[in-house]
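For reference, the structure discussed in these notes is given below.
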Amino acid sequence: MGFADQRFTVNLSILFTDLPLLERPTAAAAAGFCEVELWWPWVDSATPGPAALDGLRKAIEDAGVRLTGLNFYAGRLPGPDRGALSVPGEESDRFRANIDVAAGFAASLGCTALNALYGNRIAGVDPAEQDALALENLALAARAADRIGAILLIEALNRTESPRYPLVSAPAAVDVVDRVNAATGLGNARFLMDLYHLSMNGEDLPAVIERYTARTGHVQIADNPGRGAPGTGSLPLADLLDQLGKAGYEGRVGLEYKPGDRPSAEAFEWLPRAAR
């Protein structure tokens with residue numbers, strides 16, 4: 001048992017960022033990986049033109065890697081934003097404009113998981129108003145995901161790094177999953193279980209795994225403290241992933257950690273190349 005028994009996908013929005021975006025898929029392939037995931041790559045545009053979309057699509061295809069996960073437009077990320085879908089006005093409009101663009105790009109590469117970050121609380125706006133808007137937009141996103149045979153992921157972040165983000169526990173995120181599924185009747189909304197964020201919130205990770213694995217569509221990892229590679233902190237990540245497997249999780253595990261003071265290509269010594 002251990003890391004060698006998992007299927008890993010590399011997040012190219014936090015790893016290999018020492019390289020231009022279009023060079024990252026090839027770098028991941030050179031490091032031995034065949035699957036990658038991305039936050040929304042065009043922070044300044046929810047609806048980039050064909051040239052940008054075609055360029056990234058070609059880079060992924062030419063590298064011989066598969067795109068396994070993609071975020072919808074989420075505002076400035078990395079940066080102060082944590083999503084757009086619950087933010088009234090222009091940000092919500094950008095999210096809605098992005099839905100078909102992101103789903104179309106995902107479909108063109110066989111990607112079947114789309115992550116929708118909820119968005120920060122906004123001063124002066126009733127949280128109930130934001131939650132109602134969020135449910136409307138998440139239902140639209142779930143329907144778009146369903147059209148391409150994909151799942152919609154909903155993620156809990158941690159309150160230390162995201163103090164205005166309302167989904168800062170596994171139960172809070174799963175509650176939104178349930179409300180989206182009830183609203184659409186599709187059943188394709190799933191929990192994104194990020195073990196780093198949940199550990200930062202002080203949650204009992206074995207209990208979370210026991211309770212929510214059946215509702216989980218994707219898992220992401222980083223060690224804690226520091227959000228570094230496995231082995232740089234104190235989380236028993238190999239044991240936790242073993243527990244996930246025993247609980248029936250058969251999906252991929254996203255590597256969403258910081259490489260530290262070194263190139264990303266040197267940040268995978270914890271994982272035997274044959275297991276990548």
Side-chain angles (χ1 to χ4, degrees), residues 9-14 17 21-22 24-25 35-61 63 65-79 81-87 89-120 133-155 157 165 167 173 176-177 180-181 183-184 186 188-192 194 217-218 220 251-252 254 256:
T9 183
V10 181
N11 191 299
L12 298 183
S13 297
I14 193 168
T17 57
L21 175 63
L22 299 188
R24 296 176 203 171
E35 297 182 328
V36 300
E37 62 184 23
L38 280 162
W39 302 342
W40 183 247
W42 300 281
V43 175
D44 296 325
S45 177
T47 54
L53 294 164
D54 291 345
L56 181 55
R57 183 184 299 108
K58 184 175 187 302
I60 291 170
E61 291 173 340
V65 295
R66 182 184 174 196
L67 183 68
T68 58
L70 178 68
N71 282 21
F72 287 106
Y73 170 78
R76 291 165 292 173
L77 187 71
D81 299 332
R82 296 294 185 271
L85 62 90
S86 68
V87 180
E90 292 182 354
E91 282 295 85
S92 172
D93 292 344
R94 291 188 184 102
F95 179 83
R96 291 191 182 198
N98 173 252
I99 288 174
D100 285 340
V101 177
F105 184 78
S108 73
L109 288 165
C111 172
T112 57
L114 291 161
N115 184 27
L117 287 173
Y118 199 83
N120 289 327
L133 177 63
L135 184 57
E136 290 179 16
N137 283 337
L138 285 167
L140 292 172
R143 293 183 182 106
D146 182 67
R147 288 194 292 272
I148 66 166
I151 59 173
L152 174 72
L153 297 170
I154 297 169
E155 180 176 11
L157 303 183
Y165 190 83
L167 307 184
V176 173
V177 167
V180 173
N181 285 333
T184 65
L186 296 171
N188 68 330
R190 307 296 297 278
F191 176 43
L192 195 167
D194 187 308
H218 187 45
Q220 291 175 329
R252 297 169 180 82
E256 199 185 49

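Small disclaimer: the values here were computed from a predicted structure and weren't measured.
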Given Leu117 and Leu157, is the side-chain contact (heavy atoms from CB on, under 4.5 Å) satisfied, shown in steps? CA-CA 9 Å; Leu117 287 173; Leu157 303 183; 4.3 Å; yes

Gap between atom CZ of Phe72 and atom CG of Leu114 - 0.5 Å precision: 4.5 Å

Which heavy atom of Phe105 sits nearest to which heavy atom of Leu70, and what is that distance? CD2-CD2, 3.9 Å

Ser45 and Pro48 have their tightest heavy-atom pair at OG-N, 3.2 Å

Starting at CG of Leu85, measure out to CZ of Arg96 and round the result to the nearest 0.5 Å. 10.0 Å

Please determine which of Thr17, Leu38, Ile60, Leu67 meets the side-chain contact (heavy atoms from CB on, under 4.5 Å) test together with Leu12. Leu38

Kindly indicate, with the supporting measurements, whether the criterion side-chain hydrogen bond (donor to acceptor under 3.5 Å, both in side chains) is fulfilled by Thr68 and Arg252. CA-CA 9 Å; Thr68 58; Arg252 297 169 180 82; 4.7 Å; no

For the residue pair Ser86 and Asn120, what are the closest heavy atoms and their distance? OG-O, 4.1 Å

Between Asn188 (side chain only) and Ala150 (backbone N and O only), is there a donor and an acceptor less than 3.5 Å apart? yes

Do Lys58 and Glu61 sit within salt-bridge range, that is, some charged N less than 4.0 Å from a carboxylate O? no

Residue among Asn71, Thr9, Asn11 satisfying side-chain hydrogen bond (donor to acceptor under 3.5 Å, both in side chains) with Glu37: Asn11

Identify the two heavy atoms, one from Leu21 and one from Pro25, that lie closest to each other, and give their separation to 0.1 Å. O-CD, 3.4 Å

Report the distance from atom CG of Leu152 to atom CG of Asn115, rounding to the nearest 0.5 Å. 8.0 Å

Would the distance check show the side chain of Tyr73 and the main-chain N or O of Trp40 forming a donor-acceptor pair, the cut-off being under 3.5 Å? no

Residues at least two apart in sequence or cross-chain that pass side chain to side chain contact (heavy atoms under 4.5 Å, CB included) with Ala139, listed by chain then number, are Arg143, Thr184

Check the pair Val43, Asp81 against side-chain contact (heavy atoms from CB on, under 4.5 Å), reporting the backbone distance first and the verdict last. CA-CA 10 Å; Val43 175; Asp81 299 332; over 6 Å; no

Determine, stepwise, if the pair Leu140 / Phe95 fulfils side-chain contact (heavy atoms from CB on, under 4.5 Å). CA-CA 10 Å; Leu140 292 172; Phe95 179 83; 5.9 Å; no

Rounded to the nearest 0.5 angstrom, the CG-CZ distance for Asp100 and Arg147 is 5.5 Å

To check you understand the geometry: which heavy-atom pair defines the closest contact between Ala173 and Leu167, and what is its length? CA-CD1, 4.4 Å

Residues Leu138 and Ala116: closest non-hydrogen pair is CD2-CB, 3.7 Å

Contacts of Asp194 meeting side chain to side chain contact (heavy atoms under 4.5 Å, CB included) (sequence neighbours excluded), chain-then-number -> Glu155, Leu192, Tyr196, His197, Gln220, Glu256

Spacing of Leu109 atom CG and Leu53 atom CG [to the nearest 0.5 Å]: 10.0 Å

Give the intermediate values and the outcome of side-chain contact (heavy atoms from CB on, under 4.5 Å) for residues Trp42 and Leu56. CA-CA 11 Å; Trp42 300 281; Leu56 181 55; 3.6 Å; yes

